[in-house]
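Before any comments, here is the structure.
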Amino acid sequence: MLQPITIIGGNIAGLSAAFYLARQGCPVTVYENKIWDKPCGGAISIEYAHYLMKQLDIDIPTANQFIPPVRFCFTNYRAVETDGMFVIISRSDLQQQLIRRLQKEPNINIRFKRITLKDSALLSGQTILATGFSGFTRQIIEEEWHKREYALALKYRGHCREISQNPAHLMFFDSRLKGYGWVFCGNNCQFNIGIGGLIEKKIIFRKFEEFIKIVNDRFHYDIRPNLSPDIWKIPIMLNNWSTPVSFYKNGIEFIGAGDVLGLAHPVIAAGIEPAWQSGWLLGDSYDRTTHSINTAQYRHLLKKNLQLTSRKPFDILISSMLRMKYFPFKDQLAYALMKIFHQKITDQIKKYPWFAMVHDGIKKTGFKADVS
Ligand SMILES: Cc1cc2nc3c(=O)[nH]c(=O)nc-3n(C[C@H](O)[C@H](O)[C@H](O)COP(=O)(O)OP(=O)(O)OC[C@H]3O[C@@H](n4cnc5c(N)ncnc54)[C@H](O)[C@@H]3O)c2cc1C
């Protein structure tokens with residue numbers, strides 16, 4: 001009988017790895033610390049939502065309801081409005097549904113336990129590290145941890161008035177944020193609001209206040225947060241293909257997935273789909289004959305897929321500009337690009353969500369969700 005491969009972290013990346021490895025006939029044991037409502041905007045592309053619904057029988061109500069348009073806003077310019085491009089999900093609900101679904105799979109065993117370095121008896125020779133931004137990740141990847149950049153994000157949830165009358169998600173770009181602010185609306189006047197990016201910690205709260213003022217004054221959302229939001233970090237690597245995908249500790253090869261490898265989008269820090277994508281590619285890198293993951297193949301697939309999805313030349317260009325010290329991101333340029341190309345950008349995101357093209361390095365092998 002085959003020894004299961006251990007997966008530490010049972011959220012997006014870990015559950016995706018479990019699903020795709022199990023489909024290749026590889027037994028897995030997943031360890032998850034606890035289900036909690038991880039702070040997250042919860043925006044996923046419509047195609048990915050449909051994929052989860054069709055392939056994994058996940059219930060995503062927002063995908064079947066009216067999908068609000070997206071207003072792209074800039075400090076001194078009028079908003080550019082596009083068709084709806086994404087739906088908002090609850091992260092804890094998605095995690096719970098995925099776990100329930102995967103528990104039915106014969107090759108998947110999910111256990112609730114926080115793994116520490118003392119638990120070496122529970123780990124396999126190759127262990128999947130899908131622990132996101134956490135102390136455990138830091139212990140394993142050590143110096144690579146310090147090479148990451150971290151997007152900071154603030155998030156707040158509440159109710160407001162205007163969204164129910166004229167629902168539109170709002171994405172606000174401001175060069176000083178080095179990222180964006182968002183208002184994602186849900187049912188019954190619910191919303192979640194936040195700002196995130198490569199912004200400095202010392203100004204993030206002030207920028208959040210300013211963002212709320214803009215949202216209320218210019219767009220009449222009438223948002224009155226009464227709780228102070230917390231700061232969260234999202235690991236980001238621009239040049240993922242020069243970093244290792246596996247890390248050795250105590251004789252175990254830990255293979256990273258999702259946030260562990262800093263896969264979130266380098267501009268908007270969206271990491272759900274890249275995390276799912278990495279789990280898929282781990283499955284595609286599994287070698288049945290040796291019952292092991294071919295890490296060279298995994299790295300190769302990851303590079304190809306990132307180049308096709310979240311690390312397209314356009315994304316690299318924008319994120320490089322954001323990182324240049326004396327070249328602040330020009331709001332005018334962002335506005336002009338969005339105004340001229342908004343239809344193209346919308347079409348691209350609809351056609352190729354960040355994980356949609358699974359690529360074997362030679363030809364496209366993958367999947368395009370049928371959203372008809
Ligand atoms: C404020 C904020 C807003 C965001 N908004 C968006 C958005 O709108 N869209 C988007 O696509 N992305 C967004 N992201 C990014 C997204 O949340 C992450 O990129 C994504 O969750 C990465 O998934 P993951 O599975 O790699 O890691 P995680 O989701 O962090 O999962 C790691 C799991 O490992 C478990 N774990 C950790 N240590 C251990 C241990 N020792 N033993 C057992 N289990 C352990 C944790 O409990 C957790 O469940 C946002 C992030 C933040 C912080």
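Counting starts at 1 for both ligands and their atoms, in listed order.
Side-chain N or O atoms of Asp259 include none that pairs as donor or acceptor with a backbone N or O of Gly262 at under 3.5 Å. Here the side chain of Ser124 pairs a donor or acceptor atom with the backbone of Thr6 at under 3.5 angstrom.
Polar contact with ligand 1: present for Ala43 (N/O pair, distance under 3.5 Å). For ligand 1, the polar-atom distance check against Gly41 finds a nitrogen or oxygen pair separated by under 3.5 Å. Looking at ligand 1, you won't find any N or O of Trp232 less than 3.5 Å from one of its N or O atoms. Below 3.5 Å of separation, one finds an N or O of Ala13 facing an N or O of ligand 1. Geometrically, ligand 1 and Asp259 share a nitrogen or oxygen pair separated by less than 3.5 Å.
Summarising the contacts of atom 42 (N) of ligand 1 with Ile89, Ile12, Ile115, Ile268, the nearest heavy atom is found in Ile115. Relative to atom 12 (N) of ligand 1, the option among Gly135, Ala275, Gly271 with the closest non-hydrogen atom is Gly271. The heavy atom nearest to atom 14 (N) of ligand 1, out of those in Ala153, Ala17, Cys40, is found in Cys40.
Below 30°, between 30° and 60°, or above 60°: for Phe219 and Tyr221 the angle between ring planes is above 60°, a perpendicular geometry. By the 30° and 60° cut-offs, the orientation of the rings of Trp276 relative to Tyr20 is perpendicular.
Proximity of Gly194 to ligand 1 is not established, as no heavy-atom distance is less than 4.0 Å. Put simply, part of Arg91 is less than 4.0 Å from ligand 1, judged by heavy atoms.
Aromatic ring centroids of Phe72 and Phe172 lie 6.0 Å or more apart.
Residue-ligand proximity, Glu32 to ligand 1, at heavy-atom distances under 4.0 Å covers atoms 33 (C), 34 (O), 35 (C), 43 (C), 44 (N), 46 (C), 47 (O), 48 (C), 49 (O).
Figure legend: cation-pi geometry between Lys233 and Phe133 absent, as NZ or CZ is not positioned both under 6.0 Å from the six-membered ring centre and within 45° of its axis.
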